[in-house]
Peer 1: 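First, the structure itself, so that you have it in front of you.
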Amino acid sequence: MVDSARLSLHVPEPAVRPGGQPDFSNVKIAKAGSVPRPEVDVASEDIRDLAYSIIRVLNRDGEAVGPWAGSLSDEALLTGLRDMMKLRAFDARMLMAQRQGKTSFYMQHLGEEAVSCAFRKALEKGDMNFPTYRQAGLLIADDYPMVEMMNQIYSNESDPLRGRQLPIMYSSKEHGFFTISGNLATQYVQAVGWAMASAIKNDSRIAAAWIGDGSTAESDFHSALVFASTYKAPVILNIVNNQWAISTFQGIARGGSGTFAARGLGFGIPALRVDGNDYLAVHAVARWAAERARRNLGPTLIEYVTYRVGAHSTSDDPSAYRPKTESEAWPLGDPVLRLKKHLIVKGAWSEERHVQAEAEIMDEVIEAQRQAEAHGTLHAGGRPSVRDIFEGVYAEMPPHIRRQRQKAGY
Amino acid sequence: MARMTMIEAVRSAMDVSMARDDNVVVFGEDVGYFGGVFRSTQGLQAKYGRTRCFDTPISESGIVGTAIGMAAYGLKPCVEIQFADYMYPAYDQLTQEAARIRYRSNGDFTCPIVVRMPTGGGIFGGQTHSQSPEALFTHVCGLKVIVPSNPYDAKGLLIAAIEDPDPVMFLEPKRLYNGPFDGHHERPVTPWSKHDLGEVPDGHYTIPIGKAEVRRAGSAVTVVAYGTMVHVALAAAEDAGIDAEVIDLRSLLPLDLDTIVKSVSKTGRCVVVHEATLTSGFGAEVAALVQEHCFYHLEAPVVRVAGWDTPYPHAQEWDYFPGPGRVGRALAEVMEA
């Protein structure tokens, strides 16, 4: 007979709750430049360490160091800075618009701008992203018109989605941005399917799947990994670990051991962790994974270690579950400030130009907002036709929907 | 023209479609090398190669999810869920994703997939190999739902489904794979080779989705059925000697309301028959529509004959499955009213 105590259930808890002192001492951060850069045809078992470390390029002095540095020119970095600043300004205005009652809902990217903005620059035209709700940087960095994004957020008469989708659930085939689902993880496996199709057709285009740390608990995450691994699909499997799934800390989905990146190892998928607040590191790793995919070497899993500075959405109150100062304590800093510092250190940028750029960008965003609001907001001005409710459920409207449309008077 | 079983007709539909369009791909559990547990994909991998017909991991959500992604790319996936009972892990992908992608993206992305699944009972499959989940799909706007009752329809409808620009659920009554079962389990099954509808063209043809077929003309009562129950209804009308008009719906969504209304307006009586459990089954939708559109023609209340509101039993299968006896009693009931 085994002599044992009564069992008890372990429920993980974050180190600190509101009122406590923020503590990130458990986040092991590799020194910038210290993680090796393997060849893209490396075997996953030879780079297991990369699933536990963090690839970083920018050091504390704003210098780009190590083997992952050098993937971008100064001009490209300035564009990257501008993209991130634009996303941040866009967020600020749309958050305010929601507070003013001009739309129902908004989700901001504060602190996570580098992930989607830098990633987009590693893709080619024709590649396809299957994003979640916090990757608008993919559109911004691809010069998708902000007015169109705002029209979607306002569900106004010019909304490209005719008022059918929640704000920020954009769709643009042309810009490689698959229509967003509110159901979590469903699109992770769809991205794998898209990539498999590209391989079936001997195409050169690749796909990118996106998921948050919390949603890795969904079964579709595991379906996606098994399909990607089995068929060596040309897909980049992105996990944005921003520490929080609404109010639930990342330890709940992850459990007490390993990292999210390490989940790829059991599937034989090369897995890397990267500093998500380091524009240069994100770009370098994304480009590495894209090259692997394009050379038919199969999927790569990337965990972006970052921090969700803002609330989950405009319906959330983070002060109820985490210390108010926690974001300031985040050890990987602010992605905009870090890239700005790097460009200043390089002599390609200055404080004055930054202030000037901030003002220019805000003017640009405000002008876009003015144009969008001329087409209406959720509760005022032009809105999509009621007839649009009935259109587009099927390619051809079946009789029962036609009868309902007529009954509704349209 | 050849005599085909429903399995052969289904296989022929995929064969014809794959030959005509390089974008048609077929995959699912065991469908590749082996040709499927019912052999409905047998020979397709050998003929079209491993990248157009292949086996998948046991992950229904993965099968449908990857199919959706492939469709977004521009392929036309025709996937198999090994039994309809196994589609539940894929339900999220079907209902929240496949069904909505055209609508929510305003046509920017579409989802032309076909999800085939053997459905229904009558083969001693027990609770997890006998279900008829069609009502779970007909409640979802954006899907199309087809249940063929014979090889000729199965081939024409499956080709139409593969060519359709929207997601189609294709439910194959497994009791009909080899012959037109009439519900008399003590009688030997007549093979399709002795049935008119087993005569199937070798090449390409389609049957329009959304059109019902009158299988037996009559004036006394309308029996609305689909899949296996079409044959049960025909046997019941024969056995009871009632002048019943039997409508084979073929497509449940979209539904051919005009054919139902025309028939019931003529007969004044209606019996709806399906294998799936009674409560909130598709028969409820038909009964409601008949009431809405034919109320002043009705001589009797609409009666439903369906599976009981229990899980599908194994040993008592023949007491669960609606047979000609139960349908006959329902016909007598509405005739007496």
Side-chain angles (χ1 to χ4, degrees), chain A residues 128 130 159-162 164-166 169-174 177-183 185-203 205 207 209 218-220 222-224 226-231 233 235 388 391-396 398-401 403, chain B residues 22-23 25 27 49 51-52 54-75 77 89-90 92-93 95-112 141-144 164-167 209-210 251 253-258 289:
Chain A
M128 185 62 70
F130 287 73
D159 174 4
L161 307 182
R162 315 308 296 144
R164 294 168 184 158
Q165 272 276 50
L166 268 180
M169 297 220 176
Y170 316 104
S171 172
S172 174
K173 192 174 192 173
E174 191 193 341
F177 195 97
F178 191 71
T179 164
I180 294 182
S181 173
N183 286 38
T186 46
Q187 306 203 277
Y188 217 60
V189 67
Q190 294 166 15
V192 176
W194 197 100
M196 288 169 68
S198 187
I200 287 169
K201 300 303 277 185
N202 306 122
D203 196 350
R205 295 179 288 160
E218 293 278 9
S219 56
D220 275 342
H222 301 269
S223 301
V226 75
F227 274 73
S229 160
T230 298
Y231 302 107
V235 62
D388 280 320
E391 302 284 347
V393 181
Y394 298 92
E396 195 177 326
H400 66 289
I401 297 182
R403 282 196 298 273
Chain B
D22 286 346
N23 289 322
V25 290
F27 57 96
T51 61
R52 291 191 61 201
F54 54 89
D55 294 321
T56 64
I58 302 174
S59 169
E60 288 75 16
S61 189
I63 292 166
V64 177
T66 51
I68 291 168
M70 289 184 195
Y73 175 93
L75 299 189
D92 193 24
Q93 289 287 351
T95 62
Q96 317 279 331
E97 302 292 324
R100 307 241 188 100
I101 280 166
R102 175 187 294 281
Y103 187 74
R104 74 174 189 230
S105 71
N106 194 25
D108 197 19
F109 295 94
T110 60
C111 190
C141 34
L143 298 181
K144 294 184 178 179
D164 195 274
D166 290 309
I209 295 170
S251 302
L253 186 66
L255 179 69
D256 184 354
L257 181 62
D258 291 347
L289 285 167

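Each chain gets a letter, A, B and so on, in the order its sequence line appears, and its residues count up from 1. Quick note: numbers below take in every heavy atom, side chains included, and nothing from hydrogens, waters or symmetry partners.
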Peer 1: Considering only heavy atoms, which portion of B:T110 lies under 4.5 Å from any heavy atom of chain A: side chain, backbone, both, or neither?
Peer 2: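 Neither; nothing under 4.5 Å.
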Peer 1: Using non-hydrogen atoms only, which part of A:A191 is less than 4.5 Å away from chain B: side chain, backbone, both, or neither?
Peer 2: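 Nothing of A:A191, per the 4.5 Å heavy-atom cut-off to chain B.
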Peer 1: Got a sec, which residues hit side chain to side chain donor-acceptor pair (under 3.5 Å) with B:R102, two or more places apart in sequence or on another chain?
Peer 2: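 Expected list: B:D166.
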Peer 1: Tell me whether A:R164 contacts the main-chain N or O of B:S105 through its side chain, where contact means a donor paired with an acceptor under 3.5 Å.
Peer 2: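 Not at all, since once roles are kept as given, no pair shorter than 3.5 Å links the two residues.
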Peer 1: Determine the minimum heavy-atom distance between A:V189 and B:T66, stating which atoms define it.
Peer 2: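 Scanning both residues completely, I find the closest heavy atoms to be O-CG2, 3.7 Å.
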Peer 1: Tell me, for A:S219 versus chain B, whether the close heavy atoms (under 4.5 Å) come from the side chain, the backbone, both or neither.
Peer 2: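 Neither part, no heavy atoms under 4.5 Å.
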Peer 1: Under 6.0 Å between the ring centres of A:Y231 and B:F54?
Peer 2: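 Ring centres of B:F54 and A:Y231 closer than 6.0 Å.
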Peer 1: Examine the side chains of A:S223 and B:S59 and answer whether a donor and an acceptor come within less than 3.5 Å of each other.
Peer 2: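 A donor-acceptor contact under 3.5 Å links the two side chains.
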Peer 1: Tell me, side chain or backbone of A:T230 under 4.5 Å from chain B's heavy atoms, or both, or neither?
Peer 2: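 Only the side chain of A:T230 comes within 4.5 Å of chain B.
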Peer 1: Atom CZ in B:F27, atom CZ in A:F227: separation rounded to 0.5 Å?
Peer 2: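 The CZ atom of B:F27 sits 7.0 Å away from the CZ atom of A:F227.
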Peer 1: Give me the atom names and distance for the closest heavy-atom approach of A:P160 to B:N106.
Peer 2: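 Scanning both residues, the minimum pair turns out to be O-ND2, 3.0 Å.
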Peer 1: Between B:P167, B:P165, B:A72, B:P89, who has the most heavy-atom pairs with chain A when the cutoff is under 4.5 Å?
Peer 2: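 Top option by heavy-atom pairs under 4.5 Å: B:A72.
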Peer 1: Atom OH of B:Y103 and atom CG of A:D388: how far apart are they, to the nearest 0.5 Å?
Peer 2: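 Rounded to the nearest 0.5 Å, the OH-CG separation comes to 8.0 Å.
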Peer 1: Heavy atoms only, distances under 4.5 angstrom: which of A:E174, A:M169, A:H222, A:R205 has the most pairs with chain B? Name it, please.
Peer 2: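 Counting heavy-atom pairs under 4.5 Å, the top option is A:R205.
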Peer 1: What I want to check is whether the side chains of B:Y73 and A:D203 have a donor and an acceptor closer together than 3.5 Å.
Peer 2: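 Checked: B:Y73/A:D203 side chains pair up, N/O donor to acceptor below 3.5 Å.
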Peer 1: Suppose we screen for side chain to side chain donor-acceptor pair (under 3.5 Å). Which residues come up paired with B:Q93, at least two apart in sequence or across chains?
Peer 2: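 Partners of B:Q93 by the side chain to side chain donor-acceptor pair (under 3.5 Å) criterion, ordered by chain and then number, come out as A:Q190, A:D220.
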Peer 1: With side chains defined as the heavy atoms from C-beta onward, is the minimum distance between B:R100 and A:V393 less than 4.5 Å?
Peer 2: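 Contact flag for B:R100/A:V393 side chains = no.
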Peer 1: If I measure from the heavy atoms of chain B, does A:I180 come under 4.5 Å with its side chain, its backbone, both, or neither?
Peer 2: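 The backbone, not the side chain.
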Peer 1: So how far is it from B:D92 CG to A:E218 CD, rounded to the nearest 0.5 Å?
Peer 2: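 Output value for this atom pair is 7.5 Å.
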Peer 1: Ignoring hydrogens, what is the shortest heavy-atom contact between A:N183 and B:Q96? Give both atom names and the distance.
Peer 2: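 Reported closest heavy-atom pair: ND2-CG, 3.1 Å.
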Peer 1: How far apart are the C-alpha atoms of B:R104 and A:S171, what are their side-chain angles, what is the distance that settles it, and do they pass the side-chain contact (heavy atoms from CB on, under 4.5 Å) test?
Peer 2: CA-CA 9 Å; B:R104 74 174 189 230; A:S171 172; over 6 Å; no
Peer 1: For B:L253 and A:Y394, work out which heavy atoms get closest and say how close.
Peer 2: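 Looking at all heavy atoms of both residues, the shortest contact is CD2-OH, 3.6 Å.
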Peer 1: How far does CD1 of B:I101 sit from CD of A:Q187, to the nearest 0.5 angstrom?
Peer 2: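 Interatomic distance, B:I101 CD1 to A:Q187 CD, rounded to 0.5 Å: 7.0 Å.
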Peer 1: Check whether A:D159 gets within reach of chain B through its side chain, its backbone, both or neither, counting any heavy atom under 4.5 Å.
Peer 2: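 It is neither, since no heavy atom gets under 4.5 Å.
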Peer 1: So B:D22 and A:K201, do their side chains get closer than 4.5 Å, heavy atoms only?
Peer 2: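 Of all side-chain heavy-atom pairs linking B:D22 with A:K201, at least one is under 4.5 Å.
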